[in-house]
Amino acid sequence: MKTSFGRFLEGFLGFRKAWWLEIKTNQPTCTYYFGPFDSEDEAESLKGGYIEDLEQEGATNIRTSIQRCSDPAQLTITEEWDSPFGGFTSPAFSGQP
């Protein structure tokens, strides 16, 4: 378990890695990143809510993975051409407007 000082140094020096939930969908063709989380268990415990929201939005073939990594450059990545959010009015829980 890291101390607060250790977490501070990691962030200050740019070595901060956190737990992120990656969710990929086929319809729309999107990759979503949710986090950062302090632990893998925290990400796992919240995963169901994000999946449920995407299902309500009509997303299909939902696949998830939990990774410890640096902050992603984008929280929502879409390959859909018709709108910036692949037919959604806004990205679900992505932190983007």
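Under the rule for a side-chain hydrogen bond (donor to acceptor under 3.5 Å, both in side chains), the partners of K47 that lie at least two apart in sequence or sit in another chain are E44. The salt bridge (charged side-chain N to carboxylate O under 4.0 Å, His left out) check on D71 picks up R16, with sequence neighbours excluded.
Between I51 and the options I23, L46, T25, a side-chain contact (heavy atoms from CB on, under 4.5 Å) holds for only I23.
Note: E22 CD to T31 OG1 = 5.5 Å, rounded to the nearest 0.5 Å. Going from atom OG1 of T60 over to atom CD of E55 covers 10.5 Å, rounded to the nearest 0.5 Å. Between the NZ atom in K24 and the CD1 atom in I62 there is a gap of 14.0 Å [rounded to 0.5 Å]. Rounded to the nearest 0.5 Å, atoms CH2 (W20) and OG (S65) are 13.0 Å apart.
A pairwise comparison of heavy atoms in P36 and A18 identifies CB-CB, 3.5 Å as the closest pair. The two residues Y32 and F34 come nearest to each other via the heavy atoms CB-CE1, 3.5 Å. Across every non-hydrogen atom of Y33 and Q74, the tightest pair is CD1-O, 3.5 Å.
With contacts defined as side-chain heavy-atom distances shorter than 4.5 Å, the pair K17/C69 does not qualify.
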